[in-house]
Amino acid sequence: MAFASRLGNLTRELVEVLSPPSTRTQPSKHDKLSSTVLRSLKSHTFLQTNHFEVGKALEGLDERFRVNDRDDLADALRERLNSLRANPSKWHPEILHLLLELSDQPTFKADLRNLALLTAEETATTSTLRWEDIAKEDGWDEDDTLWKFVDYSDESEDEIFERNSTDESETTSVIGDAEREAQITASYVVRPDDLSSFEQVRAAQRWRDQTLSEESSRQTKKIAVSEIQVVRDVLFMLQGLDCTLFKQDGVAVPSFQLEHMEWEPFKAMMQSFTDFGAHLRTLRSFVGERQDVPHLQAFQDCISGRLRQLDFNISDLQRRLAAPITDIVLSLVRLKTELKPWLEPLYALADIVSAIDAEPEPTPFRYLELVFDETCLAQLSGKSELYGFLARIFAECFRVYLRPIRLWMDEGKLLSASDLFFVAETSSDSPLWKTWQDRYNLRRNHDGTLHAPAFLRTAVGSIYNAGKNVVVLKLLGKHDAAVSQRQKAEPPLDYDTICPSGQDLVPFSELFDTAFDRWIQSKYRATSTTLKDCLFEDWALFSTLDTLHNIYLMSDGSIAATFSETLFTKLDELRTDWSDRRALTAAAQDSFVSVMADPSRLTVHVESALQHLPPIQSRNSVTTVLSRINVDYRLPWPLQMVLTDDSLENYQSLFTFLLQFKRATHALHKPKILDNYWTDHDNWNAVAIFYSARNKLLWFCTTIQTYLTALVLRPLDTQLRLDLVSACDMDELIAAHHKALKAMVDQACLGSRLKPIQDCILDVLDLALKLERIQSGVADTEEDDLNASYEERLGEIKKNVDRQVRFIWGGLRSVARATSDAQSTKWDMLADMLQAGDLDEQVSST
């Protein structure tokens, strides 16, 4: 009571000093204002200043001083902060916070010369000024009448003398410390004038001291309490304060019962309030835990803010009940109805916290997923207030999770705690040409799912590529150009942006995806466009494609023939140096010099396994040698990211296949009709078989080469260039090129499904080489039957050619009918072409 009285007096003095003069002249208004201020001071929850925030503000002030070229001011601040840390005190954060609040543009208005005024000047020691010295100077030290006591009462002189003697003895006596403390304590005791009011308060609170005996507690007898006391304790319990009707864990004490109410309904009512308190204790416990993850700290801050708002609402309710302006009907049912709209949104948060605690190893962003799901569920359930409540919390928490995403997309950097982000750096020293594919990867959980919130998994690819765009642009020195094209201010991602007015019927997931995609594109489009332009303009992607197609796809037949004729001549002459790497490279560079900007990038070599192969075996088969000749065109590292190793392997497969056809065609064109015109009269049957087989083989090679050129390579090359122009980012460039090369390989019958048909085609090409050797009189003892005649060997070749060709077009048609993809149509067309020529040959032979 003494403290309350003292606080009341101090409050009145404070109001009297701060209030306007008009209020002081009106006692009733002054008393009302003093009472209002006193209630606010009593109900306000004073919190200690957050010293972390104060330290952060001071660090920011130091940085601001240095940015504005006030290093002297920053050094002075740092020196005094260090001195302050050497003498710690619990009040330092409050003092520093007050100084920060009082500061007014210290960067520009602070003057270091003012520090000199704070330095204590050393002054000479002077004597203490006493009243005796003043009396001597003024001349009234000897005036005895000045100090004479004048009594204006009716007491006699004897009574006056006796009283003065008593006072003098009391003042001259020595008072002990215990007596002095007792006097000081007694001075704070306030004796109330109205004892009846005090007794009424004591009587109203006497029920708190009542206890039930063990026997009576087992019966139905309870301590009766008034409804206002129940309301008071319920509000205290919901605010997390100690009270009488509820235990520390929030369970209602069964010893009390509301007067004029049966036990069962009162028990049910108290149980509902207990449930309210249980959800709030879950939230308060979560807020009080230490969290090191920024995402959970943001969630804690959101919950803490909503709990503060709840406490404010309850305090306002207490104020209205304690000092009602109008008549109020006090009722627990009405209290529950008024509290329910405030508490129901917090139930959803409590359920989310409980769900996180129940999971054995929740991810750091699990709460974001739960808040997102609950927001969508609230919208679908038609709970608009809960939907808005959860959507705002999600927007506030997501801004914190957005920080590593923004850093990655803007600067291509990862935070030190990269395990919280779904992008990780696998190796910082990977080769430049593997920067896009291998330097970074997407983190995955133990179950294989992406280490990212579920609602972000559709946008992870764009975020992932945006950061890699920045990394590659920095390596290429083009990052500044991308920054200049980027929007100056990124679109906001707050509640008003995600949930605009008038879009209440649109699902929250779609609203978020739209807003987030707009935010991503503001950063992603500029970097992707800059990187694409750099590859096309600075590194000549189309010119490099032309070079690759001239080399590997032999788009210029005359240039390819120059290289191939040189190689085939050495093979036919059985030269042992045909596989010399330098000779092959020089021949290739000389042949393709007109279609390459830098011929030194092209090299040709043969696998080491063929170095010691006998020249006869190298000459006799298109498979043994030509499939082991590797053409390597070294690309600049930026283009290697687009033209990947898999694509270059497909280029090599197509080059080998085309070179094998050129080898067979070269062998078939060696014999001329007029060269053996006079000798052919000796054996017209053998000559007829030879020319029939040769014609069938030439037709076969020409048909397939025409098919490859007109129906496969040229259309796909045209489509490839269109796809590259329309590609939006690096992944689409890579995918477009890989898709085109994969289609070329499949439609050229080089896929794994057509391996038997491919082997049969190569066997037909080997028959072409064998036909040329038989015609020229070269005998292969390992393959030919020396007892068979010339005509019989030619007939055997003719028969094998007919059988193999029928197998090829029959197999192509069967595979085309069994599948329904794009290349199956091309296989069907090739089968028609081969079958048509094969039937014409059969008709002519009959």
Side-chain angles (χ1 to χ4, degrees), residues 552-553 607 609-610 617-618 620-630 646 649-665 667-668 693 696-713 716 739 741-771 780 782-783 796-842:
Y552 291 99
L553 305 184
E607 294 182 7
L610 298 180
Q617 295 184 15
S618 302
N620 290 351
S621 176
V622 297
T623 306
T624 305
V625 174
L626 300 184
S627 60
R628 309 294 177 85
I629 298 177
N630 297 320
D646 294 338
E649 291 179 2
N650 291 332
Y651 274 122
Q652 180 64 45
S653 299
L654 292 168
F655 171 80
T656 301
F657 196 53
L658 293 174
L659 188 64
Q660 290 169 340
F661 273 96
K662 285 191 172 295
R663 172 63 172 151
T665 305
L668 292 174
K696 186 65 172 291
L697 290 170
L698 281 174
W699 162 81
F700 176 79
C701 296
T702 305
T703 300
I704 293 185
Q705 285 180 306
T706 302
Y707 163 78
L708 294 176
T709 302
L711 298 179
V712 177
L713 300 181
L716 290 176
K739 177 183 177 182
L741 267 295
K742 183 67 168 55
M744 290 180 184
V745 169
D746 290 339
Q747 294 180 21
C749 306
L750 298 178
S752 57
R753 287 187 295 178
L754 299 183
K755 188 64 171 60
I757 295 177
Q758 178 188 354
D759 294 338
C760 190
I761 292 175
L762 296 179
D763 291 341
V764 173
L765 299 182
D766 284 339
L767 291 175
L769 299 183
K770 186 175 182 180
L771 179 65
D780 298 330
E782 298 180 357
E783 300 180 4
E796 185 66 25
I797 291 178
K798 178 66 170 56
K799 185 187 303 182
N800 289 336
V801 171
D802 294 337
R803 178 173 52 83
Q804 298 281 15
V805 170
R806 283 193 296 271
F807 174 79
I808 291 172
W809 63 257
L812 286 173
R813 178 150 296 156
S814 299
V815 176
R817 290 175 178 175
T819 57
S820 59
D821 46 12
Q823 57 264 27
S824 62
T825 304
K826 298 291 183 68
W827 295 338
D828 200 19
M829 295 174 64
L830 177 59
D832 290 340
M833 296 169 64
L834 294 176
Q835 184 180 9
D838 190 35
L839 292 177
D840 292 341
E841 179 67 20
Q842 293 179 11

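For the single chain, residues carry numbers from 1 onward in sequence order.
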Output all residues satisfying side-chain hydrogen bond (donor to acceptor under 3.5 Å, both in side chains) with [X], sequence neighbours left out; order by chain, then residue number.
X	answer
Thr665	none
Asp646	none
Arg817	none
Tyr552	none

Atom [atom1] in [X], atom [atom2] in [Y]: separation rounded to 0.5 Å?
X	Y	atom1	atom2	answer
Gln705	Lys662	CD	NZ	6.0 Å
Thr623	Leu765	OG1	CG	8.0 Å
Leu767	Ile797	CG	CD1	6.5 Å
Lys739	Met744	NZ	CE	12.5 Å
Lys742	Leu750	NZ	CG	10.5 Å
Asp766	Gln660	CG	CD	8.5 Å

Identify the heavy atoms of [X] and [Y] that sit nearest to each other, and give their distance.
X	Y	result
Ala831	Leu812	CB-CB, 3.9 Å
Thr656	Ser627	CG2-CA, 3.5 Å
Cys749	Leu754	CA-CD1, 3.6 Å
Thr702	Thr706	O-OG1, 2.7 Å
Ala768	Ala667	O-CB, 4.4 Å
Cys760	Phe807	SG-CD2, 3.5 Å

Give the C-alpha distance, both sets of side-chain angles, the deciding distance and a yes or no for side-chain contact (heavy atoms from CB on, under 4.5 Å) between Gln652 and Asn630.
-> CA-CA 7 Å; Gln652 180 64 45; Asn630 297 320; 4.0 Å; yes
Using only atom types and a distance under 3.5 Å, with no angle test, would you say the side chain of [X] pairs donor to acceptor with the backbone of [Y]?
X	Y	value
Lys826	Leu711	yes
Asp828	Ser824	no
Trp827	Asp746	yes
Ser653	Glu649	yes

Where do Tyr651 and Phe655 land on the ring pair (Phe, Tyr, Trp, His ring centres under 6.0 Å) test, with the steps shown first?
-> CA-CA 6 Å; Tyr651 274 122; Phe655 171 80; over 10 Å; no
Could you go step by step and tell me if Gln804 and Ile761 meet the side-chain contact (heavy atoms from CB on, under 4.5 Å) rule?
-> CA-CA 8 Å; Gln804 298 281 15; Ile761 292 175; over 6 Å; no
All side chain to side chain contact (heavy atoms under 4.5 Å, CB included) counterparts of Leu658, not counting sequence neighbours | Met554, Leu708, Leu713
Determine whether [X] and [Y] make a side-chain contact, defined as any pair of heavy atoms from C-beta on separated by less than 4.5 Å.
X	Y	result
Leu769	Ser621	no
Leu716	Gln747	yes
Lys770	Asn620	no
Leu834	Trp699	yes

Pairs where residues 748-765 contributes a residue and the test side chain to side chain donor-acceptor pair (under 3.5 Å) is met, not counting sequence neighbours |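 Matches after skipping sequence neighbours: Arg753-Asp821, Lys755-Asp759.
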Can you check side-chain contact (heavy atoms from CB on, under 4.5 Å) on Thr703 and Trp809, steps first, answer last?
-> CA-CA 12 Å; Thr703 300; Trp809 63 257; over 6 Å; no
Output, in order, the C-alpha distance, side-chain angles, deciding distance and verdict of side-chain contact (heavy atoms from CB on, under 4.5 Å) for Leu741 and Val745.
-> CA-CA 6 Å; Leu741 267 295; Val745 169; 5.6 Å; no
